[in-house]
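Letters A, B, ... mirror the listed sequences (proteins, then strands); counts begin at 1. What you see is a predicted model, and the numbers here were worked out from it, not measured in a lab.
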2 protein chains.
Amino acid sequence: MSDLNNRRLEIDALRAIWAIRHHGGITRAAEALGLSQSAVSHKIKRLETSLGCELLNRKAGATAFTTEGEELLDYAGRILGLHDEALLSLSKTTLAGRIALGLTEDTTCSALAHILGRFRRLHPDVSVRTQVRMSLVLRAMLEQGELDAAIVQVFAHEVRPTDVILFRETLHWVKHPSLLLPQTASVPFLSFHDDCFYRHWALDIGQDGGIMLETVFECASAAGIIAAVSSGMGVALLNERHLRPEMQIITDRFPVPPDLVYVVRRGRKVRNAALDTLVAEIESEISRYGGLALAS
Amino acid sequence: MSDLNNRRLEIDALRAIWAIRHHGGITRAAEALGLSQSAVSHKIKRLETSLGCELLNRKAGATAFTTEGEELLDYAGRILGLHDEALLSLSKTTLAGRIALGLTEDTTCSALAHILGRFRRLHPDVSVRTQVRMSLVLRAMLEQGELDAAIVQVFAHEVRPTDVILFRETLHWVKHPSLLLPQTASVPFLSFHDDCFYRHWALDIGQDGGIMLETVFECASAAGIIAAVSSGMGVALLNERHLRPEMQIITDRFPVPPDLVYVVRRGRKVRNAALDTLVAEIESEISRYGGLALAS
DNA sequence: CCAAGCACATGACAAATTTCGATCGTGGCA
DNA sequence: TGCCACGATCGAAATTTGTCATGTGCTTGG
């Protein structure tokens, strides 16, 4: 360990350990950072020798952080936050105006919240009006010009060239092992709200694929659906981040669900400098971290 | 300017512009950072090109910051604060105990306050009791074991090997030009409090040097003395950071005042791990910035 | 129990960045 | 006007950082 005064934490190294945490592993982090695996490995090693302590616990198979690692991670988050804000602050142009933005409930708790908060701070003259609705509702509002932009879920094959992709999600048919599905009977289906478009797709395939789905449960929140699946009430369409160990993924009988994508979609013919900047910031955040961190 | 995503602010560069501000100039900053002048110059240049804007205004003789420079400076301060705290936090040992610390009024408003605040955060189990008194009082308290350590002013020739030097100060005899000092009359003297040891020295030389000083004004705060000097009430001993343009430095007739030094002085036979750490942190802060920033 | 696969570490080398010393230009000042 | 302090700039040297190729250890499935 060099003398305390000459030590310093490289911003890049901090971003590396941050990426390791949020992508779960060095290899994944390297990919997200656009570096080779060995480069990231070296970075961490250098960080460790300069600090004179272990940051990662290499014993186990999965990369785990040591106590010191967790501690540094906390500082890293704060330092990077300030750093990125400084960068934006210095490249900002004075913006004013009004943005009507739509979000889904899912994305509200993601890094989006930070981006929006920072945007407010950096551009106090822009008023951002945010509304949380379901994807289908948001899309309708976009069409009618009620929103300037929205963060919505769409099927992967529906992505438009102007959409900004935030991250992808895979849907699975799931059920609890205790639930048996006789060929003859109709399938009990656990569904999100009426306007949820998983549900639309599910009911559509019901007609095409000759599978009879019967909606036996309806709930707007993922937590409710998860509970219902776990108690064996029926089958549901869930994305990967909601899967629980006790759930069983159904691979036969049902058609493969299409992939979902979260995108930033802009309203028709909206020309708005403030919105351009906000979308650019979201894009930059994504490319920097290789996707938005979502609360799971 | 490279792509927004690939830009980053080097910690070292931030420390450099911070040092430039606090030492007034690149050359001075380079010295404090232990680098060559050209290295610091380059650092700033790189920072500027990576940000795509000017940070320093080179037109004028004195180095002035641009608006962007000031803005970055603000972020730099916050980032460096976090950075340094992270560094300390990772090299800390669990400390507990009690520290009785003495300060002078002057140092209360300096970087010391930040160091103490950070120390509290990093070592919540150490209770730091701080008392503000004049240097002579503090020294007496140290002798009697009432304090574990104190930050006091002493004459440069009185510095002990165990003292940690914070910074030096030069005293000057000053008066307002309108005040004339006839050889025959006694000299009107503007004095700090009774216990101020400038005053002791001044009265001592009065006896030795054959100069008759008559204390005509007594005030505990520097502001009061400054006002009195400016209004021509008498002569005073002031340190450089309190000099005002309208004041006249007296170079003849009076003996040259001794230099003063602010030091951290530890109590006798105090063995205290927490105190060791605190003193070490103060030392490290000094060596990093080449002295403590004092409110002037 | 072995082979394959995955995730990370490591070493050598190439590329880039950073630093230094020297030198030059400029504005302030006696 | 000449000096001086300060900063810019340049080429060479030193240091840092990244990549490729390869090695190690752990898990997994046959």
A.B. asks: Indicate whether the side chain of B/Tyr262 and that of B/Glu169 have a donor and an acceptor atom separated by less than 3.5 Å.
C.D. replies: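 There is no such pair between these side chains.
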A.B. asks: Between A/Ile17 (CD1) and C/dC8 (C1'), how many Å, whole number?
C.D. replies: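 Taking CD1 of A/Ile17 and C1' of C/dC8, I get 17 Å after rounding.
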A.B. asks: Quick one: sort the A/His157 and A/Phe155 rings into parallel, tilted or perpendicular, breaks at 30° and 60°.
C.D. replies: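 Ring orientation of A/His157 relative to A/Phe155: parallel.
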A.B. asks: If each of A/Val40 and B/Ile26 is mapped to the nucleotide of DNA chain D with the nearest heavy atom, which maps nearer the 5' terminus, i.e. the 5' end?
C.D. replies: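 By nearest-heavy-atom nucleotide position, the 5'-most residue is B/Ile26.
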A.B. asks: Counting only side-chain nitrogens and oxygens, does B/Arg28 get under 4.0 Å of the OP1 or OP2 atom of D/dA5?
C.D. replies: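 Indeed not, no polar side-chain atom of B/Arg28 lies that close.
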A.B. asks: Rounded to whole Å, how long is the line connecting atom CG of B/Leu55 with atom P of D/dG7?
C.D. replies: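 To the nearest whole Å, that distance equals 15 Å.
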A.B. asks: Take a 6.0 Å sphere around NE2 of B/His176 and say whether it holds more than 12 heavy atoms from other residues, nucleotides or ligands.
C.D. replies: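 Above 12, so yes.
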A.B. asks: If you count the non-hydrogen atoms of other residues, nucleotides and ligands that lie under 6.0 Å from CD in B/Glu31, is the total more than 12?
C.D. replies: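 It does not: B/Glu31 CD has 12 such atoms or fewer within range.
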A.B. asks: Which whole-number value in Å describes the distance from A/Leu35 CG to C/dA9 C1'?
C.D. replies: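 Result: 17 Å.
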A.B. asks: Between atom CG in B/Leu47 and atom P in C/dT19, what is the gap in whole Å?
C.D. replies: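 So the CG-P distance, B/Leu47 to C/dT19, works out to 13 Å.
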A.B. asks: Quick one: A/Ile20 CD1 to C/dA9 P, roughly how many Å, whole number?
C.D. replies: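 Rounded to whole Å, this separation is 8 Å.
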A.B. asks: Expressed in angstrom and rounded to an integer, what is the separation of B/Ile44 atom CD1 from C/dT19 atom C1'?
C.D. replies: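 So the two atoms are 15 Å apart, to the nearest Å.
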A.B. asks: Might you list the N or O atoms of the protein lying below 3.5 Å from N or O atoms in nucleotides 15-18 of chain C, with each pair's distance?
C.D. replies:
residue : atom : partner : partner atom : Å
C/dT18  : OP2  : B/Arg46 : NE           : 3.1

A.B. asks: With a 3.5 Å cut-off and heavy atoms only, can you find an N or O donor on one side and an acceptor on the other between the side chain of A/Gln37 and the base of C/dA7?
C.D. replies: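 In this structure, the two groups form no donor-acceptor pair.
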A.B. asks: Could you tell me whether the side chain of B/His23 and the main chain of B/Ala19 form a donor-acceptor pair under 3.5 Å?
C.D. replies: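 Side chain of B/His23 to backbone of B/Ala19: a pair is present.
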A.B. asks: With A/Val164 as reference, evaluate A/Val279, A/Val159, A/Val263 under the side-chain contact (heavy atoms from CB on, under 4.5 Å) test and give the passing residue.
C.D. replies: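 Output: one option passes, namely A/Val279.
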A.B. asks: For B/Asp84, run the side chain to side chain donor-acceptor pair (under 3.5 Å) check against B/His114, B/Arg118, B/Arg15 and tell me which one passes.
C.D. replies: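 Single pass found, and it is B/Arg15.
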A.B. asks: Charged N to carboxylate O under 4.0 angstrom, B/Arg46 versus B/Asp12?
C.D. replies: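 No, no charged N to carboxylate O under 4.0 Å.
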A.B. asks: On the nucleotide D/dA8, are OP1 or OP2 found under 4.0 Å from the side-chain N or O atoms that B/Ser41 carries?
C.D. replies: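 The answer is yes; a side-chain N or O of B/Ser41 sits under 4.0 Å from OP1 or OP2.
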A.B. asks: Please report, rounded to the nearest Å, how far the C1' atom of D/dG7 is from the CD atom of B/Glu31.
C.D. replies: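 To the nearest whole Å, that distance equals 15 Å.
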A.B. asks: Using the side chain to side chain donor-acceptor pair (under 3.5 Å) criterion, which residues pair with B/Thr251? Sequence neighbours excluded.
C.D. replies: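 With sequence neighbours excluded, B/Thr251 shows a side chain to side chain donor-acceptor pair (under 3.5 Å) to no residue whatsoever.
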A.B. asks: So if I define the base as every atom that isn't primed, P, OP1 or OP2, how would nucleotides 10-15 of chain D read as a B/S/- string at a heavy-atom cutoff under 4.0 Å?
C.D. replies: B-----
A.B. asks: Looking at A/Lys45, does any N or O in its side chain come under 4.0 Å of the phosphate oxygens OP1/OP2 on C/dT10?
C.D. replies: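 Result: yes.
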A.B. asks: Under 4.0 Å between a side-chain N or O of A/Thr27 and OP1 or OP2 of C/dC8?
C.D. replies: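 Checking A/Thr27 against C/dC8: at least one side-chain N or O falls below 4.0 Å of OP1 or OP2.
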